[in-house]
Every structure is written in C-alpha cells, then in structure tokens.
Undergrad: 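I'd like to ask some things about the structure below.
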Number of protein chains: 2
Amino acid sequence: MNEDNSREWRLNTVLPVSYYVKNSANIFGLENPDILGFGTEGPGSRRLVVIDLKVSELYLKQIIEYLIKYKIDYHVVILDATETKKNIDTLLYLLKEIESFGLSRKNEPILAVGGGVLLDIVGLAANLYRRGVPYICVPTTLLGLVDASVGAKTSINFENRRNRLGSYYPPIAAYIDKSFLETLEPIEISSGIGEILKMAVVKDLALFEILKSHGRTLYESKFLDCEYADEVINRSVKGMIDELQENLWEKNLKRLVDFGHSFSPIPEMRSLVDDNVPTLTHGQAVTLDVIFSSVISFIRGKLSSQGVVDIIKVAREVGLPTHHPYFADSNILMEALNDTIKHRNGDQNLPIPIEIGTSLFVNDLTYDEIKEAAQSMQAFHDEVN
Amino acid sequence: MNEDNSREWRLNTVLPVSYYVKNSANIFGLENPDILGFGTEGPGSRRLVVIDLKVSELYLKQIIEYLIKYKIDYHVVILDATETKKNIDTLLYLLKEIESFGLSRKNEPILAVGGGVLLDIVGLAANLYRRGVPYICVPTTLLGLVDASVGAKTSINFENRRNRLGSYYPPIAAYIDKSFLETLEPIEISSGIGEILKMAVVKDLALFEILKSHGRTLYESKFLDCEYADEVINRSVKGMIDELQENLWEKNLKRLVDFGHSFSPIPEMRSLVDDNVPTLTHGQAVTLDVIFSSVISFIRGKLSSQGVVDIIKVAREVGLPTHHPYFADSNILMEALNDTIKHRNGDQNLPIPIEIGTSLFVNDLTYDEIKEAAQSMQAFHDEVN
C-alpha cells in the first residue's frame, strides 16, 4: 500500500475455502447425524429443505421423520428442477421462500436434496441471499454424485444459454449416499455414466478399463449390485477434486474437466426445444461431445481408431447415444465452438485424448476439421457393432 | 485428503484477490490511459459502458469521444440507477445487454460509471455473467468515491429489503476522479459526507476534527475548492481499505464499518414508499443511525454529551438531518435491529463510539434502551443549535 501520498492503494487478500465430500450411507437414516452438522443443533433449531419434486415423492416422508426425531423446525421447498425450469423464475421463487423463512446468515445451512439442476440452483440462491449463506448438498442422481455436488459451480440457464449465469460457491459439505440410485430411471444412470466416461477418457485409463469390463453391470444394477461401484464413484469424485483443488475459480481456462463440454452446451439446450431431434440429457450431450472430440484426435492422427471404437462401445453398453443429428451438423458444431471460445476468453482450449486417459489441449481446430470429424463420427457410428 | 479408503475428501484452497483503488484526475481526459487497462487495447478492442442516466446526460459525450479516439468498439447501456430501481428487473435488463454484446470472459472489463447504486448493480451482473467477468468502477458521486467503489460488495434490493441479494465481487480497479463532484446536487454531497462522518466517528478522530472545522467549506465547495478535500477523501478510502483488507468476506461479523448500518436499512427502504415521512438518501439514513448509536453510547455513560453535540453539529453544517420520525419510533427501530441481528447471525454486534474515533461492540441492547435513546436523540435535536 502506497502511503506516502495516499494516491493509490492495492488491496491484497485471500479467501480460504474448504469443503467436505463424504460418503455417508443412508444419509436420512434416523441414526445418521451427518446432515445436521455445520449449524445449530438441538430442539428448536431450524432448517430449510429444498428438494426436487420427483425426489420428494419418494423420500420426503423419510426426511421429515428424521427432522421430527431431532426436533428441528423445518420448512420444505419443493422445486420441479428440470433443465427447462433451471431459470431465473425458479431462482426467484426459491429466494422468496428463503426470505420468508427468515434464514439466518451462518448457522442454518440450507439442505439441498436432488440432482444436478437442483443443486446448481440452490447453490446460486445460497450465494446471493445475504451475499452468502451455507448450504449442504445431498445429490440424488448419479450425475449429482460424481459431478455437481463435488464442484463449486452454481448456475441457471439464461437467454437460451446453458449455465450462462452463476458463480463459484461451494457447499460446506456434500454427502454421497448411493442408495438414492436405486429409484432412478435407467436414463438417469446412463447420463451419470456419461460424466464418468468423460473423466475416464480424458485422464483415468484404469477407470475406463472398469467401464469397459463392467459398464453394463453397473448400468443394469444401478451401481447397487456391482463390486466395482464404489471404486467407480470414488475415482470419479477424486478425479474431479484433484482438478478443482488447483483451479476452483477457473483462473486457468485449460481445464481437463471441460472435456465433453466444448461442443455440447448448444446442442443440449437446443434439443430441449427442437421437436425434430431427440432431446438430450446433460450426460448424453457430454457423451456425444466426448466421442466427437475423440474423433477429432483420431483424424489428427493421435487417438487410434480402436480407441474411438472402445469409447463408442462403452457408451452403447451403458445406454448412451453415439449419434445425434446435431453432431452431424458442422454448422451447429461451429456455432457451439464459437460460443465456447468466448467462454474461454478467445481460446479454443479443447481437451482431446491422445490416448485413452491422457490428453492435451488443441487451439487450432478449423471448420474443415469439424466437418471431417462429423462425417467420421457418423462412419464410426455406422460401423461399430 | 483421506486416500486409504477414499471415503471422504476435503478440498482446501484459497482464492487470491487483488484490486486497485487509484486517484486518477480527469479519468476520461483524452490523454489519460488508465481506464483502458486490464483488457485488450488498440483498434477493434471492445468495451461495454454501463452508465447512470443522470451521469450520461453530463458526461457520455466526453466518454464516447475518448473511446473513439482510442478506436474502441463500444456499446453503452444507460441505467436509471435509483434506489427504487435497484432491483431484479434492472439487473436482468443489464444481463441481457451483456449477453447480446457477447462479452468475452476476461479481457473486456465492463466500465461502470455512476453512483453507489449503479456500481452495486453492475458488480452483481459482472459476478453472475459467465460466473464472473471483470469490471472497473468509476464512481461519480461522493458516496461512490469513498464507499461503494472501495468495497467488494455487490447488491440489489429484494422483497423490500435493502441489499438482500448480492455477493462479494470486487472490481479489478476503481478510479477516483474528484472532478465528477462538481455537477452533483448539494444533497448528494451531504449524503457522501454521511459515510465519511460514519468513518470519522467510529475510528478516525483526526478525520472528525477536519469535518468539524471544514465540513461546511467542503460541503459548499463540493470538495473542489478546499485544501482538505483530498485528505478527507484519502482518509476515508484508506479507512475502508484497512477494514476490508482483513475481512473482505465478512467472516468476522464484528465490523466497525457497519456503524451507521445497524438501524438504518429498514427506515431508509420504508421512507422511499411512505408519503408521511421525509424520504431518506442512504447517507442521510446512515447519519441518523450514527447519531442514534452515539446516543446509545451516551445513555450508557460512555460517549459524553459534548461528543453527541459535536456529531450533531457537524451533520447540520453539511446539510444532513439530525431527526426523523422513524428514529423517534422505537418499534421501527426494534424491528430494524431484529432484522440486523439475523444478518449478523444472531448477534447484535452494534459498533458504538466510546469517544469520537474509538469504538466497541454492544451485544446486549434492550428495547427499553432503544426507547430511551430515541427520546434522548429527540432532546439533543431540540437543544442543539
């Protein structure tokens, strides 16, 4: 600080951030105390529970029993947390509920129970209310378990752009309870595997090998009856945490975990409103991007054709798509890339695997290559059985 | 990180934050390069300028001449940034403009030109867009100079609560250009002095002495023709930075700079819609709280009656109110305190001066004391000439 003439100052400081991700079986089991941490406890304590509509139908009764047992005054907010409702209206509805609950600033962590969309919205509301109140994540989908709840990103969609508004605001804790997976639809399991597949291809060969050998069993058993389930979840979570540890606020825009997220946001969003193409879940869109990016590597002479084939085979084994009209449309893919370039501050920074589990960043992809890769992806799709 | 069984992880990291506050005379003078820092420069570079409506009428022509000279492609967004429009609608309007401008993520800092309300809104929009884009503050009011632009807080009002939604998101730079003060209304000068008076009473006796001797000259000359003007501004800025340096994210809820902000938010907001009482500017509301809090200290036998009288005299010299119906209404004051307690996580944490320039925190104020202090404040008001 320049004190002699007091004409100029520099404020330098650091924000320490720390949060838990913890396996906690049967998180709302009556004997499990985990969920009540990080806030006032005992009779008369208060909690705001924000829960997804579908999840509430299956689990709200149990959650309320839990809160009653511990004599917690609770208020429940049910959100129909779908991708199309991941918007400003839902955010404002939630914020009004928080205000009318009169949430205290630090000792009444919001309990967020749901999938990635719900966790993203609650995180943003928690960030904005009083400039930040604590929240705890209880993911109920596979994608939430391995991705949304581990990260620090909050968001809503805006102006037809996926996650255009948001912040970096981690929960104080996220609890991983695999038992929620039992009641998921198959498409929700496969979507979650899409993010796991991303992690495997870009940086974890051993994880990929497990998916190759046991992907189908994991998918069909919903991770409940497969000896590799815990290892797959834990490797995914750890892979994510390792990436975030050094780069939580994305000061570095070369991010391996952006793999699968370079071309997919616009196709995903547009598929929700275009009746002429199959609607894409997030994990499906990510998978298509994983395949497309891998094919880019192939046409550049890096990833082997066998590598591409193996990725496509794993995707099919777990019920993920390997083809979509938008990923055959080089104009849409170019538009998506241009939007991503803005988000990466002028650079492409495309992670591509040079072999499965090892990647580099590409910054010189051309329109002609996109065209070629789209055709090649189609050919792979047609040829792989 | 627990790696043996991989059942639990802790992510620990720190966010480094650094920003400038710099005196920069004639910030849009054609030879002054400051405002173009922190982004791409040279022909074809782009900037989004967000400017207050009133400020635009006086200064936009000059700003555009500046940008044209440096061959910057610009887009101007004009906001009618009044307290009643510091809301979600204005925020969303601005975010849509940012999206349609297609702002890049890091190298096109938004230029925010206006008073505290405008800076608070732009800061929040910058935080939310793409989870954070840079912005530069050019405060044009005295309050903006000494308070809003120095801090890291962004906000909008919500559900009739002042600044209920927001974040901590500092600009990359704030430039202090006193020449904007020339075109302010007297009430805007006095409002700014309200925040300076707060800083003086709570922690800076020397600053208070200057206000006592030269407050009227500062007020009447609009800080332009008084040899103490720079010192007053610089002391205020430095006082603020010293407080924020150690507590930017308010982990510690005992904050000296909350002085004047304990009882004032509800009176300020309510006065905007209540035709039966005088409307309060932010600086006016802060001043009334400063006096009220000082009277609390007096009735507790700490601050001398001469201290209270001196504060009231300074306020009057610079055109600030020393009485208001809401500050004679112990029920409203109690309601305001209760809301503040929620914001301070269950504690009162009321800064009160034990002598001018030295303060402590009170945590046991009672309703009866509020009643007594309100009557006493009225009596001081009636007696001081």
Side-chain angles (χ1 to χ4, degrees), chain A residues 1 3 6-23 88 92 95-96 99-100 102-107 127-132 153-155 158-159 161 163-168 170 230-231 234-235 237-238 241 244-246 248-250 253 342-346, chain B residues 1 3 6-23 88 92 95-96 99-100 102-107 127-132 153-155 158-159 161 163-168 170 230-231 234-235 237-238 241 244-246 248-250 253 342-346:
Chain A
M1 194 174 301
E3 296 208 10
S6 294
R7 296 284 294 266
E8 180 175 337
W9 302 265
R10 179 177 273 282
L11 193 148
N12 289 309
T13 184
V14 295
L15 173 68
V17 169
S18 177
Y19 64 94
Y20 270 114
V21 181
K22 186 181 171 189
N23 279 280
I88 192 78
L92 289 174
L95 284 165
K96 282 176 190 172
E99 170 65 22
S100 81
L103 194 82
S104 191
R105 189 152 164 192
K106 293 198 174 177
N107 55 15
N127 189 173
L128 291 177
Y129 189 69
R130 298 185 188 280
R131 300 193 182 92
K153 291 194 197 181
T154 80
S155 52
F158 182 68
E159 297 287 273
R161 296 299 184 192
N163 295 342
R164 185 50 47 94
L165 304 183
S167 65
Y168 302 95
D230 288 343
E231 184 175 351
N234 288 339
R235 288 193 85 98
V237 169
K238 181 164 177 349
I241 285 180
L244 297 181
Q245 178 74 47
E246 302 307 320
L248 193 66
W249 292 272
E250 305 184 6
L253 294 179
K342 272 197 193 298
H343 203 59
R344 297 180 188 161
N345 199 42
Chain B
M1 195 171 304
E3 296 210 8
S6 293
R7 295 283 295 265
E8 181 176 335
W9 302 265
R10 180 176 272 283
L11 192 148
N12 289 309
T13 184
V14 296
L15 173 67
V17 169
S18 176
Y19 64 93
Y20 271 114
V21 180
K22 186 181 171 187
N23 279 281
I88 192 78
L92 289 174
L95 284 165
K96 283 176 189 172
E99 170 65 23
S100 80
L103 194 81
S104 191
R105 188 152 165 194
K106 294 197 173 178
N107 56 16
N127 189 173
L128 292 176
Y129 190 68
R130 297 184 187 283
R131 300 193 183 92
K153 290 193 196 181
T154 78
S155 53
F158 182 67
E159 297 287 276
R161 296 300 184 192
N163 295 343
R164 184 50 46 96
L165 305 183
S167 65
Y168 302 96
D230 287 342
E231 186 176 351
N234 288 340
R235 286 193 87 96
V237 170
K238 182 164 177 347
I241 285 180
L244 297 181
Q245 177 74 47
E246 302 307 321
L248 191 65
W249 292 272
E250 303 183 8
L253 293 179
K342 270 197 192 297
H343 202 59
R344 294 179 191 163
N345 200 41

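Order of the sequence lines fixes the chain letters, A, B, ..., with proteins taken first and strands second; residue numbering starts at 1 for each chain. Values in this document were obtained by computation on a predicted structure and should not be read as measured data.
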Undergrad: I'd like to verify something: which residue of B:E246, B:E231, B:R161, B:K153 has the highest number of heavy-atom pairs under 4.5 Å with chain A?
TA: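 Counting heavy-atom pairs under 4.5 Å, the top option is B:K153.
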Undergrad: Can you tell me if B:Y168 has over 12 outside heavy atoms packed within less than 6.0 Å of its OH?
TA: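 More than 12 heavy atoms, drawn from other residues, nucleotides or ligands, come within 6.0 Å of this atom.
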Undergrad: For A:Y20, does the OH atom sit with more than 12 other heavy atoms under 6.0 Å from it, leaving out its own atoms?
TA: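 Counting neighbours around OH of A:Y20, 12 or fewer heavy atoms of other residues, nucleotides or ligands fall under 6.0 Å, so no.
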Undergrad: Output the option from A:G132, A:G102, A:G346, A:S100 having the highest count of non-hydrogen pairs under 4.5 Å with chain B.
TA: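 Heavy-atom pair counts peak at A:G102.
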Undergrad: Does B:E99 come within less than 4.0 Å of A:R164, counting only side-chain N to carboxylate O?
TA: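 Looking at A:R164 together with B:E99, the answer is yes, because their closest N to O distance falls below 4.0 Å.
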Undergrad: What part of B:L165 lies closer than 4.5 angstrom to a heavy atom of chain A: side chain, backbone, both or neither?
TA: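 Both backbone and side chain of B:L165 come within 4.5 Å of chain A.
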Undergrad: At a heavy-atom separation under 4.5 Å, does A:R235 approach chain B through its side chain, its backbone, both, or neither?
TA: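 Neither the backbone nor the side chain of A:R235 comes within 4.5 Å of chain B.
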Undergrad: May I ask you to say whether B:E250 pairs ionically with A:R131, meaning some side-chain N is under 4.0 Å from a carboxylate O?
TA: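 No.
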Undergrad: Can you list everything that forms a side chain to side chain donor-acceptor pair (under 3.5 Å) with B:R344? Sequence neighbours excluded, please.
TA: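 With neighbours one apart ignored, the set is B:S262.
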Undergrad: Flag the one option from B:N163, B:L95, B:D230 with the top tally of heavy-atom pairs under 4.5 Å to chain A.
TA: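 Winner by heavy-atom pair count: B:L95.
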Undergrad: Sort A:I88 into side chain, backbone, both or neither according to what part of it lies under 4.5 angstrom from a heavy atom of chain B.
TA: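 Only the side chain of A:I88 comes within 4.5 Å of chain B.
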Undergrad: Among B:N127, B:L103, B:V14, single out the residue with the greatest number of heavy-atom pairs under 4.5 Å to chain A.
TA: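 Option with the greatest count: B:V14.
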